[in-house]
Protein chains: 2
Amino acid sequence: MRDTETAEGLRTHGYKLTPQRLAVARVLLEASQHLTAAEVLGRGQEIYPQLGLTTVYRTLELLTELGFVRRVHLEKGCHAYAQAREREGHHLVCQVCHRVADFPCTGLGELIEETAKRTGFAVEFHLLELVGLCPACQ
Amino acid sequence: MRDTETAEGLRTHGYKLTPQRLAVARVLLEASQHLTAAEVLGRGQEIYPQLGLTTVYRTLELLTELGFVRRVHLEKGCHAYAQAREREGHHLVCQVCHRVADFPCTGLGELIEETAKRTGFAVEFHLLELVGLCPACQ
DNA sequence: CTGCGTGCAAAAGCTTTGCATTCAT
DNA sequence: ATGAATGCAAAGCTTTTGCACGCAG
């Protein structure tokens, strides 16, 4: 169970373990898609009905800081969150249905390393988005 | 001069050539950075003082549709626009000063092609963002 | 001339903040 | 017991919409 990992993270950083925080964390954990704050609220309330939107925002910010959550950028409306499975974001975004799929990506590492070396940039993480049409929408 | 190109595009699509539209187009053309709508307004007013924010939004939307402008996604605040120089977006984003630099990127094409083939996705354009610390902020 | 494009003001979202209350520790 | 966390309501932003006027074609 990965719940424990987030809980652990909160505890070791001195944050309190509240049902609200656990609910938000679990929602993202179980989501296969990126979620907006409002969506997180909806799903979170299925777990903990009293959950409020303010807390969702605060928790998302907190979890992002701790590295458990990552902000994701979409064409429209822009603001979505997803669990940070890895320090990488590889997304296939469909322009029609707006579905987002992850894909494994090899060979990108060297390319990034090389760029980092050439520019003097210390790269912490990267985001590769391929935008186009998914098989179903073509 | 590239102004002409945008003007041409507007004309051929049946849109009127107004000083407001030309001002917005020129601002993006001359910007080396991504700009928010408010920033576009500010710079646009140096060219055409009566320019209004509403028009900026409408023009950005129009130019995006025509493919002259591309929405860019940043960590915070998210909404920025840039001229669509190429069908590619390669950005180095600094976490501290939020400056964005473009970088030339080679070898990515094959990688994308391969992914497209494997997933059945028709990739129209891509966005590669490297987030980290720029030389000045390290 | 004609209707597209503009600007203002108002509306609509989304996100953040202030503050009293509640709760994890 | 005590300060951190929460939820509500209100404020703040950014973006969109309605409408009368003005200008490009």
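The analysis underlying the following values was restricted to heavy atoms, covering all of them including side chains, and did not include hydrogens, waters or symmetry mates. Here is how names work: the chains are called A, B, and so on, in the same order as the sequence lines, proteins then strands, and each is numbered from 1. For clarity, every value in this text was computed on a predicted model and none was experimentally measured.
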### Task
Send over the distance from Gln45(A) CD to dC8(D) C1', rounded to a whole Å.
14 Å
### Query
To the side chain of Lys16(A), which of dG5(C), dG7(D), dA5(D) is closest?
dA5(D)
### Gap between atoms CD and P, on Gln20(B) and dT6(C) respectively (whole Å)
5 Å
### Message
With a 4.0 Å limit, can you tell me whether Arg21(A) has a side-chain N or O closer than that to the phosphate oxygens OP1/OP2 of dT6(D)?
### Response
yes
#### Entry: Distance below 4.0 Å between Thr54(B) side-chain N/O and dT6(C) OP1 or OP2
no
### Query
So, for Ala116(B) and Val123(B), which heavy atoms are closest and what is the spacing to 0.1 Å?
CB-CG2, 4.0 Å
### Query
Expressed in angstrom and rounded to an integer, what is the separation of Leu41(A) atom CG from dT16(C) atom C1'?
16 Å
### Query
How long is the line joining CZ of Arg11(B) and C1' of dA24(D), in whole Å?
12 Å
#### Entry: Euclidean distance, Glu30(A) CD relative to Leu35(A) CG, rounded to 0.5 Å
11.0 Å
#### Entry: salt_bridge(Glu46(B), Arg43(B)) N-O dist < 4.0 Å
no
### Least distance between heavy atoms, Ala7(B) atom then Leu22(B) atom
CB-CD2, 4.3 Å
### Separation of dC4(C) C1' from His13(B) NE2 (nearest whole Å)
17 Å
### Query
Of Arg58(B) and Pro19(B), whose closest DNA chain D nucleotide lies nearer the 5' terminus?
Arg58(B)
### Query
Salt bridge check: are Glu113(B) and Lys117(B) linked by an N-O gap of less than 4.0 Å?
no
### Query
NA contact type, Leu53(B), heavy-atom cut-off 4.0 Å: base, sugar-phosphate, or nothing?
base
### Message
Rounding to an integer number of Å, can you tell me how far Glu61(A) CD sits from dT16(C) P?
### Response
7 Å
#### Entry: Gap between atoms CG and P, on Leu22(A) and dA5(D) respectively (whole Å)
13 Å
### Message
With hydrogens left out and only the distance checked, is there a donor-acceptor pair under 3.5 Å joining Thr18(B)'s side chain and the base of dC4(C)?
### Response
no
### Task
Rounded to the nearest angstrom, tell me the gap between atom OH in Tyr57(B) and atom P in dA12(C).
18 Å
#### Entry: Given dT15(C), dT15(D), dG7(C), the nucleotide with the shortest approach to the side chain of Ala37(A)
dT15(C)
